[in-house]
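What you see is a predicted model; the values in this text were computed from it and never measured. Note: hydrogens, waters and symmetry copies are ignored here, and every other heavy atom, side chains too, is used.
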Amino acid sequence: MSLPVEIVFGVYLGVITGIVPALVAGTLGFVFKYVTDVTIPGLGVVVLSLAIAGVNGGLLALNDETIRSSERAPAILTAIVVVLMISLYAHAQGDRLGASVPKRISLKQLRDRTLSTDVVELVGGRGRVSVAVTGEVNDMEGYPPLPADTRRAILDGNWTFPADLPLAELESRFAERLQTELDLADVAVRIDEQARATVAAAPPTGALSKRVPAGKRAVSVSALVPTGIARGDVVRVITPDLDAKGPVIAAQSSGKPEPGAGAASTHTPAGGGDADPDDLRTDGGEAAVAPPPAATAPTTTGGEGRVTLALDRAEATALLRADRGRVLVLSRGTRREYELTALLRRTGKRFRRVSVVAGGPLDGHTIGEAEVREAYGVAVLAARHDSWTIAPGGSQSLSAGDDLFVVGSREALDRFAEVAA
């Protein structure tokens, strides 16, 4: 036969005899990589494949005497090359599959629903998803209907979460966030793979009772209320028969805001009060500079009013017998973080919050590998990857988008911000 025909015949023989060696090489490559994380050397694959192919070729030679002819040397060499190519390819694919298959998988992971990749946004190297509330916000059975402004706040809110969460965890986080930010009594959330949420919510009930600690009693007293009292302040009430202190859970005063007060001064009485609806300086209207932030805690403006405290039962009973009392606001003391800030400032150090840039010297490295203190002259006080870590060690890994609180001289912080973050 001519040489081209011999080569074609060799390819045919190689495919027939190479099927079994390829299956063995691919299976062994997958098992070794998955179990031991070790790749079988190529020489071992070659030897094993030739041994198995030799057995197959010998069996073929017993059935066909023409294969044993010396004139078939080009076909046999071609078959050997084909067997080795198929075996090495199968081994490479098995090795790759062994490296990509997760080594720990549970039935819970199989049941978890995940978000579609179409709704995931990449921000700072991380996936983020914006949950959109679709349809109407439903009322919950057994509760009063939701106020219109609460429904509007749920529908128009900007609800963003990490995209790597299962849908069950995403639903629980969304419900917890709604309850926390809007002070709802109960929330039921259902989110589909396209990040569309269906929400049913109940309005807040018993706002005052929820703020009374267990074992305490809420009691109000008339007094000259200081300016700026907010919920959570600790005050001391003095009457002829009692001297008690406790946290404020509600307060109301009749004072008016100072003329020309800016938008940042909140004059709404704590716990609801008697603000003048016709005053356009702080309650909106054409003359208002800006509305007060929603997160600002309401405070009193001073004057005659009432303060509600959480006290023990005996103290509450004694305070109920008093017509009036004197209210003194107690100091909470100096916070240690402020003392630390003042100490560092006296030594010429400053704080700054920065984010790790993609592709920078910190991206993909630990704090120790990047030698942040030695290279830039700054110290990392806190780092946030998924959550904040205070005083992170050198093994703390960093990636693009991570937030850092660093401290150092002004020049060192500027240099660090220009190069690394």
Side-chain angles (χ1 to χ4, degrees), residues 140 142-147 149-150 176 178-187 201-258 265-277 279 282-283 292-336 338:
M140 298 196 73
Y143 290 93
L146 274 175
D149 55 346
T150 305
E176 181 181 357
L178 287 174
Q179 282 188 285
T180 303
E181 296 189 8
L182 301 178
D183 197 23
L184 301 175
D186 196 6
V187 179
T205 58
L208 182 62
S209 61
K210 291 192 300 183
R211 294 194 291 268
V212 180
K216 300 291 185 178
R217 301 292 186 270
V219 58
S220 299
V221 59
S222 299
L224 184 63
V225 180
T227 301
I229 288 183
R231 285 194 294 261
D233 285 338
V234 179
V235 300
R236 178 183 174 190
V237 177
I238 302 174
T239 66
D241 302 325
L242 179 67
D243 187 342
K245 66 177 181 179
V248 175
I249 58 178
Q252 175 178 318
S253 62
S254 59
K256 303 298 180 182
E258 293 294 332
S265 60
T266 306
H267 75 278
T268 304
D274 49 1
D276 185 2
D279 188 354
T282 56
D283 283 70
T296 303
T299 59
T300 60
T301 55
E304 288 294 329
R306 294 177 66 83
V307 176
T308 304
L309 309 178
L311 301 175
D312 294 331
R313 183 172 183 176
E315 294 176 334
T317 303
L319 187 58
L320 285 173
R321 292 194 293 264
D323 295 332
R324 289 182 58 84
R326 293 172 54 201
V327 175
L328 305 177
V329 180
L330 301 182
S331 172
R332 294 185 180 181
T334 303
R335 300 181 65 174
R336 296 298 182 184
Y338 295 150

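Put simply, the side chain of R321 does not reach to within 4.5 Å of the side chain of D241, judged on heavy atoms. Taking 4.5 Å as the limit, some side-chain heavy atom of L224 sits within range of a side-chain heavy atom of E304. The closest side-chain heavy-atom distance from V329 to V248 is not below 4.5 Å.
For CG of D323, the number of neighbouring non-hydrogen atoms (other residues, nucleotides, ligands) closer than 6.0 Å is 12 at most. Surrounding CD of E181 are more than 12 heavy atoms belonging to other residues, nucleotides or ligands, all under 6.0 Å away. Counting non-hydrogen atoms of other residues, nucleotides and ligands closer than 6.0 Å to CZ of R326 gives a total of 12 or fewer.
Heavy-atom minimum distance, A202 versus L146: C-CD2, 3.8 Å. For the residue pair D186 and Q179, the shortest heavy atom distance occurs at CA-NE2, 3.8 Å. What you find for A185 and P203 is that their closest heavy atoms are CB-O, 3.1 Å. The heavy-atom pair separating D233 from G228 by the smallest distance is OD2-O, 3.9 Å. Contact between V221 and G325 at its shortest, heavy atoms only, is CG2-N, 3.8 Å. Taking each heavy atom of T308 and S220 in turn, the nearest pair found is OG1-OG, 2.6 Å.
Rounding to the nearest 0.5 Å gives a distance of 9.0 Å between CG of D243 and CD of E315.
Under a 3.5 Å cut-off, the side chain of S253 and the backbone N or O of T301 do form a donor-acceptor pair.
Taking a cutoff of 4.0 Å between a charged side-chain nitrogen and a carboxylate oxygen, D312 and K216 qualify as a salt bridge.
Here the rule is side chain to side chain contact (heavy atoms under 4.5 Å, CB included) with L328, and of V235, I238, V237 only I238 fits it.
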Could you give me the CA-CA distance, side-chain angles and deciding distance for T300 and V307, then say whether side-chain contact (heavy atoms from CB on, under 4.5 Å) is met?
CA-CA 10 Å; T300 60; V307 176; over 6 Å; no

